[in-house]
Amino acid sequence: MCRTLATFPTTCLERAKEFKTRLGIFLHKSELGSDTGSVGKFEWSSKHSKEENFSEDVLEWKESFDLLLSSKNGVAAFHAFLKTEFSEENLEFWLACEEFKKLRSATKLASRAHKIFEEFICREAPKEVNIDHETRELTRMNLQAVTATCFDVAQGKTRTLMEKDSYPRFLKSPAYRDLEAQASATSASPASRGPAEPLHT
């Protein structure tokens, strides 16, 4: 059963505040583009007001790229890291594609598809992603009859690129290593564990 913050020792709460500050520094000035319709500015969700939940979240990011992408905090932290490498367009494109696939209106689908193509795929696009010529042309052809899957190949290519290239560097970055160390320390703390199981005789 979840405990309120008031039940945590003072030192535990201080560590949680320090933890939040560390991620805040990591994400300083990081804003995920609302133009892509993907993710808003990083905000602390209520479930991360408790340090043990947040530490579990941070530690899960290194288990797999999928777990990182499924975490709102993970996406925000990864986006902040990519901005330091000037390669945030790959993640923004991937997120835009995820939102695109949720559209149900054919009119909105077509309109959004062309906007995504112009923003990320076409030559000299403002946020041009790194894909090969064949994938670019295939995507261009797909726009002649827009479906929810028209960006799948291009999205897959950028995802693979992030997973094999940017993601390992993110896990090795000083900012993430620092968060990981804090998360490990918090998880190991007796105060962050749940109530003891009752003994059965």
Side-chain angles (χ1 to χ4, degrees), residues 19-45 48 54-102 112-113 115-139 149-184:
F19 209 20
K20 179 176 177 179
T21 301
R22 286 179 183 274
L23 185 63
I25 292 171
F26 187 21
L27 299 172
H28 184 57
K29 294 182 180 178
S30 173
E31 293 184 11
L32 299 187
S34 57
D35 289 344
T36 62
S38 52
V39 178
K41 192 173 181 178
F42 177 82
E43 295 177 354
W44 283 86
S45 58
H48 290 118
F54 180 62
S55 63
E56 289 170 7
D57 199 23
V58 170
L59 294 174
E60 282 182 350
W61 300 347
K62 67 177 181 179
E63 291 181 19
S64 75
F65 192 47
D66 284 326
L67 285 174
L68 174 70
L69 291 179
S70 66
S71 162
K72 180 181 178 181
N73 291 333
V75 168
F78 187 48
H79 184 264
F81 169 75
L82 292 176
K83 290 190 79 168
T84 68
E85 296 197 333
F86 305 99
S87 59
E88 67 270 21
E89 69 280 351
N90 291 325
L91 179 60
E92 290 177 5
F93 170 64
W94 186 88
L95 290 168
C97 290
E98 288 297 288
E99 290 301 311
F100 171 76
K101 288 186 283 191
K102 296 176 184 177
R112 188 72 189 134
K115 185 175 180 180
I116 291 174
F117 185 84
E118 291 170 4
E119 187 175 5
F120 297 101
I121 304 295
C122 71
R123 286 292 180 188
E124 307 302 325
K127 299 180 180 179
E128 185 179 351
V129 293
N130 185 15
I131 56 175
D132 57 84
H133 175 73
E134 289 75 16
T135 301
R136 195 182 311 278
E137 288 307 305
L138 173 63
T139 306
T149 62
C150 67
F151 291 108
D152 280 7
V153 175
Q155 184 187 19
K157 292 285 180 73
T158 56
R159 186 195 184 285
T160 299
L161 183 64
M162 289 190 292
E163 184 174 17
K164 292 184 176 180
D165 187 36
S166 305
Y167 175 58
R169 288 201 304 278
F170 167 71
L171 295 180
K172 293 176 182 177
S173 68
Y176 176 73
R177 296 295 285 272
D178 191 29
L179 281 175
E180 180 188 20
Q182 290 291 318
S184 297

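As a basis for the values below, the full set of heavy atoms in this structure was taken, side chains included, without hydrogen atoms, waters or symmetry mates.
Taking the six-membered ring where the residue is Trp, the centroids of Phe81 and Tyr176 are separated by 6.0 Å or more.
Put simply, CD1 on Ile116 and SG on Cys150 are 7.5 Å apart, with the number rounded to the nearest 0.5 Å. Rounded to the nearest 0.5 Å, atoms NZ (Lys101) and OG1 (Thr149) are 9.0 Å apart. Summarising the geometry, atom CD belonging to Glu56 is positioned 13.0 Å from atom CH2 belonging to Trp61; distances are rounded to the nearest 0.5 Å. We find the CD-OG1 distance between Gln155 and Thr139 to be 10.5 Å, quoted to the nearest 0.5 Å. Of the inter-residue distances, the one linking Thr135 atom OG1 with Asn130 atom CG reads 10.5 Å to the nearest 0.5 angstrom. Atom NZ of Lys157 and atom CG of Asp132 lie 4.0 Å apart (nearest 0.5 Å).
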Open item on the list: Asn90 vs Leu161, test: side chain to side chain contact (heavy atoms under 4.5 Å, CB included). Steps then yes/no.
Closed with: CA-CA 8 Å; Asn90 291 325; Leu161 183 64; 4.0 Å; yes

Open item on the list: Would Glu89 and Thr158 count as a side chain to side chain contact (heavy atoms under 4.5 Å, CB included) here? Give the steps.
Closed with: CA-CA 10 Å; Glu89 69 280 351; Thr158 56; over 6 Å; no

TODO: Using the side chain to side chain contact (heavy atoms under 4.5 Å, CB included) rule, take Ile121 and Glu128 through it: C-alpha gap first, then chi angles, then the decisive distance, then the call.
DONE: CA-CA 6 Å; Ile121 304 295; Glu128 185 179 351; over 6 Å; no

Task: Stepwise side chain to side chain contact (heavy atoms under 4.5 Å, CB included) check, Asn73 with Val58 - done: CA-CA 8 Å; Asn73 291 333; Val58 170; over 6 Å; no

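Residues meeting the salt bridge (charged side-chain N to carboxylate O under 4.0 Å, His left out) test with Lys102, sequence neighbours left out: Glu99. Looking at residues two or more places apart in sequence or on another chain, you find no side chain to side chain donor-acceptor pair (under 3.5 Å) involving Thr84. Residues passing the ring pair (Phe, Tyr, Trp, His ring centres under 6.0 Å) test with Phe117: none are found, sequence neighbours excluded.
Smallest separation of non-hydrogen atoms from Met162 and Phe65: CB-CZ, 3.8 Å. For the pair Pro126 and Glu118, the tightest heavy-atom approach, listed with the atom from each and the gap, is CD-O, 3.4 Å. Between Ala96 and Arg112, the closest heavy-atom pair is CB-NH2, 4.4 Å. The two atoms that bring Val75 and Leu91 nearest to each other are O-CD2, 3.8 Å, heavy atoms only.
Annotation for Arg177: atom CZ does not count as buried by contact number, only 12 or fewer foreign heavy atoms lying within 6.0 Å.
Taking the six-membered ring where the residue is Trp, Phe78 and Phe170 present perpendicular rings, their angle passing 60° and hence far from 30°. Taking the six-membered ring where the residue is Trp, Phe151 and Phe100 present perpendicular rings, their angle passing 60° and hence far from 30°.
Electrostatic pairing of Asp66 and Arg159 counts as a salt bridge here, judged by a charged N lying under 4.0 Å from a carboxylate O. Between Glu88 and Lys83 there is no salt bridge, since no side-chain N of the basic residue sits under 4.0 Å from a carboxylate O of the acidic one.
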